[in-house]
Novice: 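If you scroll down you'll find the structure; I have some questions about it.
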There are 2 protein chains.
Amino acid sequence: MDIALLGGTGDIGEGLALRWAYHTSHTVIVGSRDAERADNKAEEYATELDSRGVDSDIDGAENAAAAARADVVVAAVPAYHLTDTVEAVADELDDGDVLVSPAVGMKRDEEGMHYNRPGAGSVTALAAGAAPDDVAVVGAFHNLAADRLANLDADLDVDTLIVGDDEDAVETVSALAEGVEGLRAVSAGGIANAAEVEGLTPLLINIAMNNEGMHDVGVKFH
Amino acid sequence: MDIALLGGTGDIGEGLALRWAYHTSHTVIVGSRDAERADNKAEEYATELDSRGVDSDIDGAENAAAAARADVVVAAVPAYHLTDTVEAVADELDDGDVLVSPAVGMKRDEEGMHYNRPGAGSVTALAAGAAPDDVAVVGAFHNLAADRLANLDADLDVDTLIVGDDEDAVETVSALAEGVEGLRAVSAGGIANAAEVEGLTPLLINIAMNNEGMHDVGVKFH
């Protein structure tokens, strides 16, 4: 499968790119608004994988070109860039493509991080609003600590929550998630339930801030 | 330590009463608006513990009488009864007592459960507003599946999140939590962070609804 990571030069994009390239045979296309930056990052990731003896399949491309080549497009950008980013690639999203939204809107105060719920109800709902009607949107990968994900020496052994209204798309993204060793996909229902999923991310940051040894904390449901 | 469970005849109250009586030597006072109902439930819990060979220390009392006897008072009532319940016992709360709030405001729609954030910012903040100024308020035990908690044959092996602005009170409640076998207390910071903690409860319910074998799902952070 061909996976585009829009904003794939950022921290969560880096982690997903490295993990998919390391643990699976999918093609990863690192997207950026700047094609040269995308190429450089793709080369950097490929070098890291090569050093581990993995012959990876990673390219760089400008976001729209990356989206054009992919079956699954992950909008790995901050919440405040999400709508612009999705609209910029909308013409390249085909019927049957899946758009994945891992972004969470947060605000920080002196006590910690807080969920900043968008008017649309959730960031995933924002993504669904910005995407063409024939593109299924799935929320996933919100609750993964970026450093732990990008560190291929770190055992993950964590869950990621999946929300979506299109069963096939949810199945596709769940399978992509579970292709990563130590990552389990757990369904949280439809996009109407995305706010509770996104709200877990500031909670994890608050836990990391308040407990020793929990810097890159993840979650397991059981 | 003497622990009062206001609304201790309800499902989360039952679980906490049984667990503390089973795993610790604390005195548990089951509170209810109706003293006779409290007595009956206390007797029912004591009978169950006796059948397991545990000589428990459980009494029943009307809520205010229960609060008067306790060092730690747990408001194990639904969110919409919280303010009334706390105000009804306020005269019995002494300087140095700790009030614990496990309640979560939720609303259900056709997709699942959603966090219903009170105007005060969180249910824990509501409790803090209703309590006398010299009583420390701690949010805890929101994210425990009541049936799993009340089933003394079930291994817990889960975490509960603790929020509070008074360090001593947080320490007291964390120690009470960890007195229960298989329960770990994890700090999420101050009461300003309580909304993200309370929002985990509807998420757990949505996970239970959408995944086989996760009926009484709990959470571990690591």
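Hydrogens, waters and symmetry mates play no part in the numbers below; they use all other heavy atoms, side chains included.
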Novice: Show, in sequence, the C-alpha distance, side-chain angles and deciding distance for B/Asp165 and A/Glu111, and conclude whether the side-chain contact (heavy atoms from CB on, under 4.5 Å) test is met.
Specialist: CA-CA 10 Å; B/Asp165 295 333; A/Glu111 289 276 358; 4.2 Å; yes
Novice: Report, as yes or no, whether the 6.0 Å neighbourhood of atom CZ on B/Arg52 holds more than 12 heavy atoms from other residues, nucleotides or ligands.
Specialist: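 For B/Arg52, atom CZ is crowded (more than 12 foreign heavy atoms under 6.0 Å).
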Novice: Any idea which heavy atoms bring A/Val158 and B/His222 closest together, and the distance?
Specialist: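 Closest pair (atom of A/Val158, atom of B/His222, distance): CG1-NE2, 4.0 Å.
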Novice: If the contact rule is any heavy atom under 4.5 Å from chain A, which residues of residues 134-157 of chain B qualify, in numerical order?
Specialist: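 Against chain A, the residues of residues 134-157 of chain B that fall inside the cut-off (heavy atoms, under 4.5 Å) are B/Arg148, B/Leu156, B/Asp157.
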Novice: Using a heavy-atom cutoff of under 4.5 Å, enumerate the residues of residues 176-212 of chain B that contact chain A, numbered in order, or state 'none'.
Specialist: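 If one takes a 4.5 Å heavy-atom cut-off, the residues of residues 176-212 of chain B near chain A are B/Arg184, B/Val186, B/Ser187, B/Ala188, B/Gly189, B/Gly190, B/Ala192, B/Asn193, B/Glu196, B/Val197, B/Gly199, B/Leu200, B/Pro202, B/Leu203, B/Leu204, B/Asn206, B/Ile207, B/Asn210, B/Asn211.
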Novice: Tabulate below the donor-acceptor pairs under 3.5 Å that side-chain atoms of residues 73-89 of chain B make, not counting sequence neighbours, or state none.
Specialist:
unit_1  : atom_1 : unit_2  : atom_2 : d
B/Thr85 : OG1    : B/His81 : O      : 2.6

Novice: Not counting sequence neighbours, which residues clear salt bridge (charged side-chain N to carboxylate O under 4.0 Å, His left out) with A/Glu44? List them please.
Specialist: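 Residues passing salt bridge (charged side-chain N to carboxylate O under 4.0 Å, His left out) with A/Glu44: A/Lys41.
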Novice: Are more than 12 heavy atoms from other residues, nucleotides or ligands located less than 6.0 Å from atom CD of A/Glu92?
Specialist: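 Atom CD in A/Glu92 is packed in, count exceeds 12.
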